[in-house]
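Accompanying notes for the structure given below.
Excluded from the calculations below are hydrogen atoms, water molecules and symmetry mates; all remaining heavy atoms, backbone and side chain alike, are included. What you see is a predicted model; the values in this text were computed from it and never measured. Note on naming: letters A, B, ... go to the chains in the order of the sequence lines (proteins, then strands), and numbering restarts at 1 for each one.
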Amino acid sequence: MKTYDFNRIDRKWQKYWAENQTFKAENHSGKPKYYVLDMFPYPSGAGLHVGHPLGYIASDIFARYKRHKGYNVLHPMGYDSFGLPAEQYAIQTGQHPAITTEQNIKRYREQMDKIGFSFDWSREIRTSDPKYYKWTQWIFLQLFKSWYNKDTDKAESIDELIKRFENEGNANVNAACDPDTPVFSASEWHAMSPQQKNDILFKYRLTYLAEAEVNWCPALGTVLANDEVVNGVSERGGFPVIRKKMTQWMMRITAYAERLLQDLDTIDWPESLKEIQRNWIGKSIGARITFKVDGSDKSFDVFTTRADTLFGVTFMVLAPEHELVNEITTPEYREQVEAYQQQAARKSERERLAEVKEKTGVFTGAYAVHPLTGAKIPIWISDYVLAGYGTGAIMAVPSGDQRDYEFAKQFDIPIINIFEGNDISKKANEDKEAVLINSEFLNGLPAKEAIPRMIEELEKRGVGKAEVNYRLRDAVFSRQRYWGEPVPVYYKNGVATAIPEKYLPLELPEVENFLPTKDGRPPLGNAKNWAWDEAGEKIVSVDLIDNKTVFPIELSTMPGWAGSSWYFNRYMDPHNDNEPFSKEAVDYWQKVDLYLGGREHATGHLIYSRFWQKFLYDIGRVPEPEYSVKLINQGMILGYSAFVYRIKGTNTFVSYGLKDQYETTPVHVDINLVDDYDHLDIEKFKAWQPEFANAEFILEDGKYKVGREVEKMSKSKFNVVNPDDIVEQYGADTLRMYEMFLGPIEIAKPWNTAGLKGVFNFLRKFWSLFHADGIFDVSLEEPTEEEMKILHKTIKKVTEDIENFSFNTAVSQFMIAVNELSKLKTNKQKILAPLVVLLSPFAPHLAEELWQELGHDETIAFEPYPEYEERYLKESTKTYPVMINGKMRHKIDLPVNMDNESIEKTVLADEKVQSLLAGKQLKKVIVVPGKIVNLVV
RNA sequence: GCCUCGGUGGCGGAAUUGGUAGACGCGCUGGAUUCAAAAUCCAGUUCCGGCAACGGAGUGUGGGUUCGAUUCCCACCCGAGGUACCA
């Protein structure tokens with residue numbers, strides 16, 4: 001072998017690791033444990049591009065490093081294999097999503113294998129595998145059988161709750177439940193029908209059926225969660241979303257709002273990510289105030305954070321959907337109120353967002369009574385008040401709230417000024433420091449003091465109380481889709497009933513058609529065998545439904561986040577058929593020590609999984625309320641798109657530098673047709689697509705120069721770089737090191753192939769240190785002091801960089817070391833062997849190969865990581881910069897252990913320093929040992 | 001609008017608690033090698049002036065604290081992400 005033959009080395013060691021199951025982790029070990037996890041991918045048809053492995057490479061380096069450090073490392077990988085694209089593909093082609101998914105997984109696996117990850121593939125999981133989703137369904141049933149006790153602050157069994165109802169009713173039950181839950185006594189509970197009891201229990205269960213306003217996406221034929229709707233359109237596909245009332249399975253995540261918020265302080269996540277979750281949970285502290293409806297026994301509550309502004313209220317606003325609207329509207333206003341309600345309901349989410357600037361609304365004809373002054377206050381409805389937040393009703397204070405101000409101006413409602421020195425002719429005063437006037441007992445106080453004072457008064461009169469509100473909503477859990485986990489529930493005379501745990505998994509039935517049924521039911525409505533025979537305890541044909549012993553099964557499936565909300569625990573015990581994971585396994589592995597994944601999951605996966613973990617903690621299944629202590633968001637790798645410029649209405653393309661002389665449209669061009677100097681290969685371009693076969697070109701300097709732009713990597717932008725190509729051309733180790741070298745893991749950065757060469761040169765040079773004329777040639781000579789210094793300095797810096805997840809600077813350290821050793825022509829084993837170990841997390845293939853050449857039989861993967869020795873790093877002299885007024889003017893070498901006084905003397909005695917100081921008055925000398933000498937003149 | 005994080009050469013990016021700004025890589029320039037090219041090796045490369053020694057400026061802008069500021073403080077400008085009639 002004459003050269004660094006990376007392709008051969010890659011294949012050899014990838015095969016070796018697979019055959020020897022080198023990275024298989026055991027659940028028992030004398031070593032300390034360490035759990036490194038990547039967010040598992042959805043296996044899409046497009047395969048991996050160079051952006052995907054970035055996080056996997058970083059986590060792999062850390063996992064390998066920890067193995068060297070003597071840890072028992074769990075580093076698993078799997079697939080989030082339920083999802084929309086496979087189903088959309090199935091609708092178009094009729095191919096079963098399971099087949100598409102299987103193919104995509106195979107491709108993903110091949111691509112990952114080529115990069116040399118140290119995953120323990122014996123623990124692979126797939127969310128679409130019945131053996132896995134059996135336990136996703138099991139967790140669903142546990143949630144179904146639980147309620148949230150606010151007194152103990154945890155989830156408890158619904159059976160215990162029923163016992164309490166039987167003994168004492170619900171008056172003293174402090175639960176996270178539906179706010180409309182009626183109060184009943186024990187005897188009232190006993191008098192209820194099974195149906196009524198069932199309805200009550202649904203108000204308590206942690207997963208429940210409810211008629212809720214949901215985001216309905218007609219194009220996808222399914223509901224979407226709030227985090228799946230972006231700017232009024234669906235996150236996947238960008239289809240319009242409307243609001244619609246539907247009966248849906250919901251998850252009572254709001255029960256956990258406070259704990260989800262508080263525990264953010266206990267975990268080491270990026271601050272920005274925690275902030276996103278804090279905002280999403282949206283805690284606000286305020287008051288609930290009750291207003292009576294004038295001339296009626298009815299009343300309604302409002303929520304406000306500014307109870308102090310109560311004397312400034314001049315109107316009330318209810319959401320158009322508010323249940324009281326129909327009851328209080330007076331006959332003369334009924335027509336216009338109903339028209340407004342209908343109009344509001346028809347609006348799509350996008351329209352509603354677009355019309356934010358203009359306030360609309362109508363008067364109901366009814367009046368509320370001010371709880372303190374007794375004044376009559378008109379009640380309006382408007383869509384600027386949201387049914388889903390707070391109580392769906394507000395007290396409007398136009399002098400203190402800009403939205404109320406605009407509404408008052410629009411409809412000529414009077415404004416009471418309640419702030420000292422405030423001008424209400426232009427806008428409201430939202431300044432919290434402002435001092436109150438016209439507010440009786442609050443006059444002269446700022447908000448900070450007035451709010452508690454007002455709440456105290458409201459409580460005394462029994463018309464209000466302090467309250468905390470959260471923006472977080474219960475999560476819609478139903479999806480009207482085929483390719484997801486079936487909800488393990490059947491409908492016994494209309495009552496949702498759990499399928500007993502022992503019959504899980506409830507496997508997805510075969511269907512002929514993946515579209516919704518003609519009468520608009522979800523795709524599972526097409527299944528023939530989708531009824532539950534309670535007597536026979538089995539799934540039977542829907543033709544047998546008699547509603548006596550055979551009942552229909554739920555038709556919706558679970559959302560994408562269900563399977564991903566607990567998978568990190570399953571890796572600990574992936575083949576367990578008796579429980580989701582054993583207590584021993586989870587007691588051993590505890591939780592994820594390092595979690596890598598994208599920031600885009602902040603309000604989705606990363607909040608739902610924390611919720612489920614807390615629930616599993618409450619029911620005693622896991623030992624930790626947070627499953628991931630340390631999380632790193634890897635940044636995206638962006639594509640470097642190329643453009644050609646077509647002159648409008650022609651088939652002529654003008655070079656980038658000349659494009660401004662014409663009216664042009666930019667057209668994406670495949671980046672493979674462009675060289676490193678941004679010049680287009682015109683012949684290839686003509687052959688690329690038929691429409692360009694006869695294209696004409698206006699060149700500059702005889703070349704066609706393309707335009708460049710950094711964008712998200714995507715097939716449609718022709719800017720995708722496939723890691724396979726890089727591996728083929730430069731080897732897996734170059735790809736790994738280059739992706740790390742690009743910059744800090746957390747930041748988004750464009751892919752630019754140009755710098756690859758530098759990393760490749762480094763690896764080749766490193767290989768060359770071990771070889772002379774291509775023959776392995778390492779000397780057993782004792783190293784020099786200088787060589788030892790280089791080695792130990794590198795060990796120290798690289799180790800520190802890895803611990804700080806600063807992999808880009810670690811790569812730089814290797815380059816420095818190899819450059820220095822190349823200059824010294826070092827080929828000494830005592831220097832090179834530790835360097836191989838040091839490098840092995842980054843470039844494992846090359847490291848294994850060199851390790852073998854050095855005469856070792858064992859894999860390098862578990863070789864102890866080298867430790868630096870302080871004595872080689874000690875310097876006898878130190879170069880001090882001599883500064884005058886903070887500007888560097890001169891350098892002097894001084895012994896390291898010299899005291900300040902001697903340093904000062906030596907520096908001042910220096911010839912050069914004296915000439916620099918000539919004619920100047922020396923005021924002060926500042927000596928910072930080991931750092932600088934600063935002369936102040 | 002609000003919240004969070006950023007702004008350093010031609011480019012990607014380095015700089016412990018305030019202490020030699022620009023590590024490392026790319027690119028570029030010059031040289032060696034070569035019939036030539038590629039590859040490789042050596043030297044240089046923040047900007048301005050100068051053959052050079054050297055001098056001046058310099059981390060988004062303007063101020064401040066300090067012997068000394070990329071780092072700390074204040075105001076502003078720009079960019080990215082999150083969020084939005086949330087009462």
Does [N] have a Watson-Crick or wobble mate here (both distances under 3.5 Å), and if so which one?
N: B/G6; answer: B/C78
N: B/A37; answer: none
N: B/U83; answer: B/G1
N: B/U70; answer: none
N: B/C28; answer: B/G44
N: B/C54; answer: B/G49

Which nucleotide, [options], lies nearest any side-chain atom of [X]?
X: A/E275; options: B/A14, B/A87, B/U4; answer: B/U4
X: A/V936; options: B/C67, B/A87, B/C42; answer: B/C67
X: A/M883; options: B/G56, B/G25, B/U20; answer: B/U20
X: A/I747; options: B/G13, B/U20, B/C42; answer: B/G13
X: A/K924; options: B/C67, B/A87, B/A21; answer: B/C67
X: A/V928; options: B/G19, B/A14, B/A87; answer: B/G19
X: A/Y389; options: B/C86, B/C67, B/U20; answer: B/C86
X: A/D383; options: B/A14, B/C85, B/U20; answer: B/C85
X: A/T603; options: B/U83, B/U20, B/G25; answer: B/U83
X: A/T809; options: B/A87, B/G13, B/A15; answer: B/A15

[N] phosphate, OP1 or OP2, under 4.0 Å from [X] side-chain N/O:
X: A/N279; N: B/C86; answer: no
X: A/N761; N: B/U40; answer: yes
X: A/R403; N: B/C86; answer: yes
X: A/R471; N: B/U83; answer: no

Sugar-phosphate only, base, or nothing, as touched by [X] at under 4.0 Å among non-hydrogen atoms:
X: A/R764; answer: sugar-phosphate
X: A/I816; answer: sugar-phosphate
X: A/V925; answer: nothing
X: A/K891; answer: base
X: A/P744; answer: sugar-phosphate
X: A/K797; answer: nothing
X: A/D404; answer: nothing
X: A/N752; answer: nothing
X: A/I276; answer: sugar-phosphate

Checking A/F741 now: which residues fulfil ring-ring contact (aromatic ring centres under 6.0 Å, His included) with it, not counting sequence neighbours?
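ring-ring contact (aromatic ring centres under 6.0 Å, His included) check on A/F741 returns nothing, list empty.
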Under-4.0 Å salt bridge between [X] and [Y]:
X: A/K749; Y: A/E739; value: no
X: A/E275; Y: A/R278; value: yes
X: A/R306; Y: A/D308; value: yes

Syn/anti label of B/G9 as read from its glycosidic torsion, with the cut at 90° from 0:
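B/G9: syn.
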Look at the rings of A/F411 and A/W380 and say which category their plane angle falls in: under 30° parallel, 30 to 60° tilted, over 60° perpendicular.
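Tilted.
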Parallel, tilted or perpendicular for A/F315 and A/F407, by the 30°/60° rule?
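Parallel.
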Ignoring hydrogens and geometry beyond distance, is a side-chain donor-acceptor pair present between A/Y389 and A/S284 at under 3.5 Å?
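Looking only at side-chain atoms, A/S284 and A/Y389 do form a donor-acceptor pair, the distance falling under 3.5 Å.
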Short side-chain donor-acceptor distance under 3.5 Å, A/Q634 and A/R599
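No, no side-chain donor-acceptor contact under 3.5 Å.
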Value in whole Å for how far the [atom2] atom of [N] lies from [atom1] of [X]:
X: A/F807; N: B/G13; atom1: CZ; atom2: P; value: 18 Å
X: A/R599; N: B/A80; atom1: CZ; atom2: C1'; value: 10 Å
X: A/E800; N: B/U16; atom1: CD; atom2: P; value: 12 Å
X: A/E430; N: B/C86; atom1: CD; atom2: C1'; value: 13 Å
X: A/L742; N: B/G13; atom1: CG; atom2: P; value: 8 Å
X: A/I932; N: B/A15; atom1: CD1; atom2: P; value: 21 Å
X: A/L273; N: B/A80; atom1: CG; atom2: P; value: 20 Å
X: A/K765; N: B/A39; atom1: NZ; atom2: C1'; value: 14 Å

Using the [atom1] atom in both, what is the distance from [N] to [M], to the nearest Å?
N: B/C78; M: B/G60; atom1: C1'; value: 7 Å
N: B/G13; M: B/C26; atom1: C1'; value: 11 Å
N: B/G6; M: B/C42; atom1: C1'; value: 39 Å
N: B/G82; M: B/C73; atom1: C1'; value: 27 Å
N: B/U8; M: B/U46; atom1: C1'; value: 10 Å
N: B/G10; M: B/U45; atom1: C1'; value: 11 Å
N: B/A75; M: B/U65; atom1: C1'; value: 15 Å
N: B/C2; M: B/A15; atom1: P; value: 33 Å

Please table the atom pairs, donor to acceptor, closer than 3.5 Å between any side-chain atom in residues 755-765 of chain A and protein atoms at least two apart or in another chain.
unit_1, atom_1, unit_2, atom_2, d
A/N761, OD1, A/R764, NH2, 3.1
A/K765, NZ, A/N819, OD1, 2.6

Determine, step by step, whether A/V896 and A/K874 satisfy the side chain to side chain contact (heavy atoms under 4.5 Å, CB included) criterion, reporting the C-alpha distance in whole Å, the side-chain angles of both residues, the deciding distance to 0.1 Å, and the verdict.
CA-CA 9 Å; A/V896 164; A/K874 284 204 177 115; over 6 Å; no
Can you tell me whether the side chain of A/K887 and the base of B/U20 have a donor-acceptor pair closer than 3.5 Å?
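Answer no: no donor N or O sits under 3.5 Å from an acceptor.
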Between the base of B/C85 and the side chain of A/K359, is there a donor-acceptor distance below 3.5 Å?
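Answer is yes: a donor-acceptor pair is held.
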On RNA chain B, nearest-nucleotide positions of A/A387 versus A/I926: which is more 5'?
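Here A/I926 is the residue nearer the 5' end.
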Nearest-nucleotide wise, let me know which of A/G282 and A/V811 is further upstream toward the 5' end of RNA chain B.
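Here A/V811 is the residue nearer the 5' end.
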